[in-house]
Amino acid sequence: MKRRREIAMVNLTLDNKNWRKFVIGDLFDAKRPISRKEDDYNDGEIPFIASGAINNGVTKFCIPKNSEILDNGNCLSISPVDGSCYYHPYNFLGRGGAGSSVILLYARNFSLDRYVALFISKAITQTTATKYSYGHMASLDRIKKDKIYLPVNVNEEIDFQFMSSFMRQKEQQILKPTIEKLCKKLIIKDVWGVTYSALTGKNLFLVRNFLFNPPIAA
């Protein structure tokens, strides 16, 4: 019988990393959506992104106008009124036109996957959330000039691999209690028609492995 091998996950921390300041405008192209407001739209399925620190900036779901072009996803949005920053992997309708319209950031010379985006959005929020308010709102020029701290590798370059791995680790730490409860329910309540005897050993390992490491869309 072969001995089961277990791979221990390295516990990544922020304390032992080197950090550097980077100008947001050097990393991202910044723009505002076209002039639009949510009251002009009927309820539908497309997210409407506006200023604010609630629900990732999503204020409602809308039906786009005829031939209206959506704002491209895989970007970050910044609320000028409170500096909150969120990642949007989906296409959406962004509020534009007025001074409080959202500011959109699109990666310039690097690949922005979900985990890197979540890390950078937090780094941006830590800079901008205490800086902007209704009395002193962010503008395109101000955001492009703002600086954020990011981890770097031995070559003093942004450590994208570390950011991605760190956020994956955080995600699993947060989800673990829920996943453990789900696994127990699968065993006890006979979900999917799987009996207790069937969901043991290798079968249980396969279910747990799928839950902890689900396929990630490109």
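Residue numbers start at 1 and run along the sequence shown.
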With side chains defined as the heavy atoms from C-beta onward, is the minimum distance between Glu68 and Leu93 less than 4.5 Å?
-> yes
Side chains of Thr13 and Asp15: donor-acceptor distance under 3.5 Å anywhere?
-> no
CD1-NZ distance between Ile103 and Lys144, expressed to the nearest 0.5 angstrom | 9.5 Å
Are the aromatic ring centres of Phe28 and Phe110 under 6.0 angstrom apart?
-> yes
Tracing side-chain contacts under 4.5 Å among Ile, Leu, Val, Met, Phe, Trp and Tyr outward from Val23 reaches none
List the steps and the verdict of salt bridge (Lys or Arg N to Asp or Glu O under 4.0 Å) for Arg20 and Glu157.
-> CA-CA 9 Å; Arg20 274 183 54 202; Glu157 299 171 340; over 6 Å; no
Is a side-chain donor or acceptor of Ser101 paired with a backbone partner of Gly96 at a separation under 3.5 angstrom?
-> no
Given side chain to side chain contact (heavy atoms under 4.5 Å, CB included), test Asp29 with Leu105 step by step and report yes or no.
-> CA-CA 6 Å; Asp29 289 321; Leu105 301 179; over 6 Å; no
Hey, what do you get for CG (Leu27) to CG (Leu112), rounding to the nearest 0.5 Å?
-> 10.5 Å
Picking from Val152, Ile158, Asn153, what satisfies side-chain contact (heavy atoms from CB on, under 4.5 Å) with Asn155?
-> Asn153
Note: Cys85 and Ser121 closest approach over all heavy atoms is CB-O, 3.6 Å
Steps toward salt bridge (Lys or Arg N to Asp or Glu O under 4.0 Å) verdict (Arg32, Asp71) = CA-CA 10 Å; Arg32 290 188 188 266; Asp71 293 298; over 6 Å; no
In terms of heavy-atom contacts, Leu104 and Ser77 come closest through CD2-CB, 3.9 Å
Heavy-atom check, side chain of Leu70 versus side chain of Pro64, under 4.5 Å = yes
Output the distance between atom NZ (Lys21) and atom OG1 (Thr127), rounded to the nearest 0.5 Å.
-> 8.5 Å
Name the orientation class of the two ring planes belonging to Phe92 and His88 (parallel below 30°, tilted from 30 to 60°, perpendicular beyond 60°).
-> tilted
Side-chain contact, heavy-atom cut-off 4.5 Å: Arg168 with Gln173?
-> no
Student check: side-chain heavy atoms of Lys17 and Phe166 closer than 4.5 Å | no
Would you indicate whether Tyr134, at its atom OH, is surrounded by more than 12 heavy atoms from other residues, nucleotides or ligands within a distance under 6.0 Å?
-> no
Distance in Å, Ile24 CD1 paired with Ile120 CD1, rounded so as to fall on 0.5 Å steps | 10.0 Å
Side chains of Gln169 and Tyr115: donor-acceptor distance under 3.5 Å anywhere?
-> no
Would you check if there is a donor-acceptor pair between the side chains of Tyr87 and Asn74 at a distance under 3.5 Å?
-> yes
Closest non-hydrogen atom pair, Arg95 against Arg36 | CG-O, 3.5 Å
Side chain to side chain, Pro33 and Val102, heavy atoms closer than 4.5 Å = yes
Side chains of Tyr132 and Asp146, donor plus acceptor under 3.5 Å = yes
Can you check whether Leu14 reaches Trp19 side chain to side chain, under 4.5 Å on heavy atoms?
-> yes
Does the Asp82 side chain pair with the main chain of Ser84, one donor and one acceptor, at a distance under 3.5 Å?
-> yes
Without placing hydrogens or testing angles, list every side-chain donor-acceptor pair under 3.5 Å for residues 42-49, not counting sequence neighbours.
none

Non-hydrogen side-chain atoms of Phe162 and Ser164 separated by less than 4.5 Å | no
